[in-house]
Participant: 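Supplied in structure tokens, the structure appears directly below.
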Amino acid sequence: MNTLFSSRPSRRGVFALAPVAALVLLSCQAWAQENATLPPIVVTGNPLGTAEQIAPAEQLSGTELLERGQSTLGETLKGLPGVSSTWFGPNASRPVIRGQDGDRIAILNNGGASLDLSALSYDHALTLDPLLTERVEVLRGPGVLQYGGSAVGGVVNVIDNRIPRTPEFGEEGGVEGRLGASYATAGDERGGVVALDGGNHRYALHVDAMARKSDDVDIPVSRECTPDGVTRSAKRICNSASESSGGAVGGTLFFDRGYLGASVSTYDKDYGAVAEDEVTIRMFSDRVALEGELRDLGPVLRSVKAQFSQTDYQHTEYEGDEVGTRFKTDGQDLRLEARHVPVQALGGALDGVVGLQFDRTDFSADGDEAYAPSSRTRQSAVFAYEELGLGWGKLSAGARVESVKVESFGMDGNPAFTPGSRSFTPTSYALGALWNVASEWKLTSNVSLNERAPRHYELYANGEHVATNAEEIGDADLDLERSVNVDVGTQWRRGAHRAQVQLFQHRFSNYISLESTDPASDPPQYTYTGVRARFTGVEVSGNARLLDALHKLDLGLSADRVEAENTSTGEPLPRIAPLRVGATLRWSRAAWNAGLGVDHYAEQDRVPDGQETTDGYTLWNASLNYKDKLGGMPALWYARVDNIGDVEAYSASSILTQTAPGKSPLPGRSLKVGMQLNF
């Protein structure tokens, strides 16, 4: 790995932040406060920030996020109820929610747009690294309409503190932060992060930096690799090594009735594309974000909030040391939200927000594997979300109307790409209800009508896509994707005991699917086509407190299943995760915590004709953590073992299972150890 990327241009300048941050850390120990932690950021699945959630929501933070954290967001969240991943090796993996992936899942950063090309192709990585994350929320239901009507699967909101939103220090000021390091045996992965926050009641500053490096990831079985023209056999995922770094500087000015903040961040990743032994990808992303809020604006408006981001992204695919295809995208995102003062209506208190959103994205690809032309997408939207609090519970309603224009500029010298332009007006609506049946019981229901405009590649693609081993052809005459979505659930809680069941169904009258049109060609030909489709599923989770004294013992249980069908043909839809059943036994006493977990994945034999099935498998894991003090500062030491049995397993939701059968199983046994120091 030390020489894998030596001939590439370097942008490791962000590492200058790490020694600077470490120097500040040492010089400011006098400011350290015992038991200090980074301030939480209040960004929730409910845009009004209320505790009671009508729509399903899951979150990872704290020790659980540290233990479960992987090199990608998809693998970190995999295993939450209803969540699987696209698994294109250890470097490129997006979350899949209830069978939905790609542009049907919105990936956000602090509620704002996170722009990259991970939805364009399965081998493209996200620009958000779990090392710099404080909390991740998985959101569904009417509240997500404020982020985009196309997010029918849901929203994943990655939260950090790069723009501080509340003053955490008094007039005298202070400094706090965290320092973390981890090591995992699978791939010999090393990672480190430092984050610092300081200021007083009038201003706050933030700086962070991270680095991660891994060799090829270990697997239970031998596979042949040909990275340099010589075939070798090894127990590893060929060409899965990676190296990444990132960092940010941010700051906020606080006023009596609000704040104004900004941040500048960068991310740099160099990784192997596991579908091809000699192809690597070098990715850069620079992002500027601005955010401000004014509160207590009079008898009508409670607050007005604005968010803006500018992102410049590019990645280059190398074949050995030769430049292959270069992808670029840049864009801006502007959101304006106004929250009104609660008013009395229909026997309750009506609270809500209205907002505007404007997005512009430019895309280009240059090289032999450019299968989509240069394009520009412009979107504008108006949205509203309201909640009516009543004595028995509450009702919610959301609506969003968008204007979307997609332009193709073609490509000089390539007649396959022709210029064109399409305009769409997607409209989405949602209703929700929460009923407090009794002190321990709640019932929830959500229904929505969603419309999604086709993406530029669904309209204008025309070429070979190596990651999917297919020739992908767009359809410039595609109509809006339309769906009706229903979700009902029940929740029960008594102290540490809890249980939750969610049932859902998505019915698409026009689901944009990549359908086989010439399977005999080389490579096989697929065309983006509108079909009828149905997704039906269930999610179950709960916890039972078995001991509640000096020793605490909890048993957590979970299960999820989704069935997806192309109702136009009667065939199953591809890449759907099978039934999963999991259990975790968690013990704690004073500063010690330990856990033993198991997840069983059933066989997935509901696949389209001609595609590979996946066998069932069972994965065991164990964890241990200890809270201590180091130099008077809180420290957390943790360890986790995944795939204890070193089981050979393949992901049913991964395209690699179809395009490269047997090439990329899930990682083998891996021990991860780490520590986090708060000061």
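Quick caveat: nothing in here was measured; it's all calculated off a predicted structure. Here, residue 1 is the first one in the sequence, and each next residue gets the next number. Computed from heavy atoms alone, side chains included, the values below leave out hydrogens, waters and symmetry copies.
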Participant: Measure the CG-OG1 distance between L514 and T468 for me, rounded to the nearest 0.5 Å.
Facilitator: 7.0 Å
Participant: How close do S71 and P130 get, heavy atom to heavy atom, and via which atoms?
Facilitator: O-CD, 4.1 Å
Participant: Which atom names give the shortest non-hydrogen contact between N621 and R640, and what distance separates them?
Facilitator: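 In terms of heavy atoms, the two residues are closest at CG-NH2, 3.6 Å.
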Participant: Determine, stepwise, if the pair D518 / E471 fulfils side-chain contact (heavy atoms from CB on, under 4.5 Å).
Facilitator: CA-CA 9 Å; D518 188 358; E471 182 183 6; over 6 Å; no
Participant: Does the N643 side chain pair with the main chain of P667, one donor and one acceptor, at a distance under 3.5 Å?
Facilitator: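 Yes, the answer is positive, given that a donor and an acceptor are paired below the 3.5 Å cut-off.
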Participant: Distance only, no hydrogens: is a donor on one side chain within 3.5 Å (strictly under) of an acceptor on the other, for D216 and N239?
Facilitator: no
Participant: Would you please say whether a donor-acceptor pair under 3.5 Å links the side chains of D103 and Y457?
Facilitator: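 Result is yes, a qualifying pair exists.
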Participant: Find out whether L666 and Y617 are in side-chain contact, i.e. whether some heavy atom of one side chain is under 4.5 Å from a heavy atom of the other.
Facilitator: yes
Participant: Any chance the side chains of E224 and S233 put a donor and an acceptor closer than 3.5 Å?
Facilitator: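 Note: E224 and S233 side chains miss the donor-acceptor criterion.
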Participant: Does K269 use its side chain to pair, donor to acceptor, with the backbone of I281 at less than 3.5 Å?
Facilitator: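 Such a contact is absent between K269 side chain and I281 backbone.
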Participant: Using side chain to side chain donor-acceptor pair (under 3.5 Å), reason through E75 and S85 one step at a time and then give a plain yes or no.
Facilitator: CA-CA 6 Å; E75 294 308 295; S85 79; 2.5 Å; yes
Participant: Contact between D642 and L619 at the side-chain level, heavy atoms closer than 4.5 Å - yes or no?
Facilitator: no
Participant: Side-chain contact test, heavy atoms from C-beta onward, threshold under 4.5 Å: evaluate it for W87 versus S664 and give yes or no.
Facilitator: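 The answer is yes, as the side chains (C-beta and beyond) meet within the 4.5 Å cut-off.
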Participant: Does a side chain donor of either Y460 or E458 reach within less than 3.5 Å of an acceptor in the other side chain?
Facilitator: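 On atom types as modelled, these side chains do not qualify, holding no pair under 3.5 Å.
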Participant: Check I237 against S240 and note the closest heavy-atom contact, atom names and distance.
Facilitator: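 Heavy-atom minimum between the residues: O-OG, 2.7 Å.
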Participant: Is the shortest side-chain heavy-atom distance between L77 and V156 below 4.5 Å?
Facilitator: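 Of all side-chain heavy-atom pairs linking V156 with L77, at least one is under 4.5 Å.
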Participant: Is it the case that the side chain of E451 and the backbone of T427 share a donor-acceptor pair, with hydrogens and angles ignored and the cut-off at 3.5 Å?
Facilitator: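 Flag set: sc E451 to bb T427 pair under 3.5 Å.
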Participant: Looking at every non-hydrogen atom in both residues, tell me the closest pair between R606 and R561 and how far apart they are.
Facilitator: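 It is CD-NH2, 4.5 Å.
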Participant: We want to know whether R507 and Q505 form a side-chain donor-acceptor pair, criterion being a heavy-atom distance below 3.5 angstrom.
Facilitator: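 A donor-acceptor contact under 3.5 Å links the two side chains.
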Participant: Are D560 and R580 close enough, and set up right, to give a salt bridge (Lys or Arg N to Asp or Glu O under 4.0 Å), and what steps lead you there?
Facilitator: CA-CA 6 Å; D560 55 56; R580 183 189 66 88; 2.9 Å; yes
Participant: What's the verdict on ring pair (Phe, Tyr, Trp, His ring centres under 6.0 Å) for F508 and F535, showing C-alpha distance, side-chain angles and the deciding distance?
Facilitator: CA-CA 9 Å; F508 290 83; F535 293 74; 5.8 Å; yes
Participant: Can you confirm if the NZ or CZ of R98 lies within 45° of the ring axis of F504 and under 6.0 Å from the centre of its six-membered ring?
Facilitator: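 Positive - R98 is close enough to the ring of F504 and near enough to its axis.
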Participant: Would a 4.5 Å heavy-atom cut-off, applied to side chains only, mark E648 and Y650 as touching?
Facilitator: yes
Participant: Counting only N and O atoms by type, is there a donor-acceptor contact under 3.5 Å from the side chain of R223 to the main-chain atoms of G662?
Facilitator: yes
Participant: Compare every heavy atom of F417 with every heavy atom of A370, then report the nearest pair and how far apart it is.
Facilitator: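 Answer, listing the atom of A370 first, then F417: O-CZ, 3.3 Å.
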Participant: With distance as the sole criterion, is a donor-acceptor pair present between the side chains of T567 and E565 under 3.5 Å?
Facilitator: no
Participant: Assess the side chains of T86 and D101: does a donor N or O sit below 3.5 Å from an acceptor N or O?
Facilitator: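 Distance-only check fails for T86 and D101.
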Participant: Without hydrogens or angle criteria, can the side chains of S118 and R94 be said to hold a donor-acceptor pair below 3.5 Å?
Facilitator: yes
Participant: Does K663 come within less than 4.0 Å of D277, counting only side-chain N to carboxylate O?
Facilitator: yes
Participant: Keeping E571 on the side-chain end and D609 on the backbone end, is there a donor-acceptor pair under 3.5 Å?
Facilitator: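 Yes: the side chain of E571 pairs with the backbone of D609.
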Participant: Hey, are the side chains of L145 and F383 touching, using non-hydrogen atoms and a 4.5 Å cut-off?
Facilitator: no
Participant: How far does CG of D477 sit from CZ of R422, to the nearest 0.5 angstrom?
Facilitator: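 Spacing of CG (D477) from CZ (R422) equals 6.0 Å.
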Participant: Between T529 and T527, do the side chains contain a donor N or O and an acceptor N or O under 3.5 Å apart?
Facilitator: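 No, T529 and T527 have no side-chain donor paired with an acceptor closer than 3.5 Å.
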Participant: Is a side-chain donor or acceptor of Y271 paired with a backbone partner of A125 at a separation under 3.5 angstrom?
Facilitator: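 Flag set: sc Y271 to bb A125 pair under 3.5 Å.
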Participant: Applying the side chain to side chain contact (heavy atoms under 4.5 Å, CB included) test to V486, which of L503, N446, V447 qualifies?
Facilitator: V447
Participant: Whether the H600 and T618 side chains hold a donor-acceptor pair (N or O, under 3.5 Å, no angle test) is what I'd like checked.
Facilitator: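 A pair is found: one side chain offers a donor N or O, the other an acceptor, under 3.5 Å apart.
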Participant: E481 vs R104, test: salt bridge (Lys or Arg N to Asp or Glu O under 4.0 Å). Steps then yes/no.
Facilitator: CA-CA 10 Å; E481 184 175 83; R104 299 180 185 92; 2.7 Å; yes
Participant: Quick check for you: to the nearest 0.5 Å, what is the distance between N109 atom CG and L115 atom CG?
Facilitator: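 Here the interatomic distance stands at 11.5 Å.
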Participant: Of all heavy-atom pairs between V406 and P454, which one has the smallest distance, and what is that distance?
Facilitator: CG2-O, 4.0 Å
Participant: What's the verdict on side chain to side chain donor-acceptor pair (under 3.5 Å) for T614 and Q604, showing C-alpha distance, side-chain angles and the deciding distance?
Facilitator: CA-CA 5 Å; T614 54; Q604 181 55 285; over 6 Å; no
Participant: Going by distance alone, is a donor N or O of one side chain under 3.5 Å from an acceptor N or O of the other, for Y528 and R455?
Facilitator: no
Participant: Under 3.5 Å, is there a donor-acceptor pair between the side chain of N157 and the main chain of G111?
Facilitator: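 Checked: pair present.
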Participant: Can any side-chain N or O of Q379 pair as donor or acceptor with the backbone N or O of K405 at less than 3.5 Å?
Facilitator: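 Absent.
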Participant: Is the backbone of E369 close enough, under 3.5 Å, to the side chain of T325 for a donor and an acceptor to pair up by distance?
Facilitator: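 Between the backbone of E369 and the side chain of T325 there is a qualifying donor-acceptor contact (under 3.5 Å).
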Participant: Looking just at side-chain N and O atoms, do S651 and R575 make a donor-acceptor pair shorter than 3.5 Å?
Facilitator: no
Participant: Take S448 and N485 through the test side chain to side chain donor-acceptor pair (under 3.5 Å) and record every step on the way to the result.
Facilitator: CA-CA 5 Å; S448 66; N485 315 284; 3.1 Å; yes
Participant: For the CG atom of L139 and the CD atom of Q59, what is their distance to the nearest 0.5 Å?
Facilitator: 10.5 Å
Participant: Between E58 and R135, is there a side-chain N and carboxylate O pair less than 4.0 Å apart?
Facilitator: no
Participant: Hey, are the side chains of T133 and L128 touching, using non-hydrogen atoms and a 4.5 Å cut-off?
Facilitator: no
Participant: Taking atom types as modelled, is there a side-chain donor on H456 or S408 under 3.5 Å from an acceptor on the other?
Facilitator: no
Participant: Would you give the length of the straight line joining atom CG of L73 to atom NZ of K78, rounded to the nearest 0.5 angstrom?
Facilitator: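 L73 atom CG to K78 atom NZ measures 13.0 Å (nearest 0.5 Å).
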Participant: May I ask you to check whether F327 and H124 place their ring centres under 6.0 Å from each other?
Facilitator: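 Ring-ring flag for H124/F327: true, centres closer than 6.0 Å.
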Participant: Verify the distance criterion only: is there a donor paired with an acceptor across the side chains of N450 and S483 at less than 3.5 Å?
Facilitator: no
Participant: Which value, rounded to the nearest 0.5 Å, describes the distance between S84 atom OG and I97 atom CD1?
Facilitator: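 CD1 of I97 is found 9.0 Å from OG of S84.
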Participant: State whether a side-chain donor-acceptor pair under 3.5 Å links E464 with Y371.
Facilitator: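 Short answer, no.
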Participant: Tell me whether S653 contacts the main-chain N or O of A577 through its side chain, where contact means a donor paired with an acceptor under 3.5 Å.
Facilitator: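 Looks like no, no N/O pair under 3.5 Å.
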Participant: Atom CH2 of residue position W492 - does it have more than 12 heavy atoms of other residues, nucleotides or ligands inside 6.0 Å?
Facilitator: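 Enclosed: over 12 neighbouring heavy atoms sit under 6.0 Å from CH2 of W492.
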Participant: Report yes if some heavy atom in the side chain of P572 is under 4.5 Å from a heavy atom in the side chain of E563; otherwise report no.
Facilitator: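 No. Closest side-chain heavy atoms not under 4.5 Å.
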Participant: Decide whether Q357 and R400 meet the rule of one side-chain donor and one side-chain acceptor closer than 3.5 Å.
Facilitator: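 Checked: Q357/R400 side chains pair up, N/O donor to acceptor below 3.5 Å.
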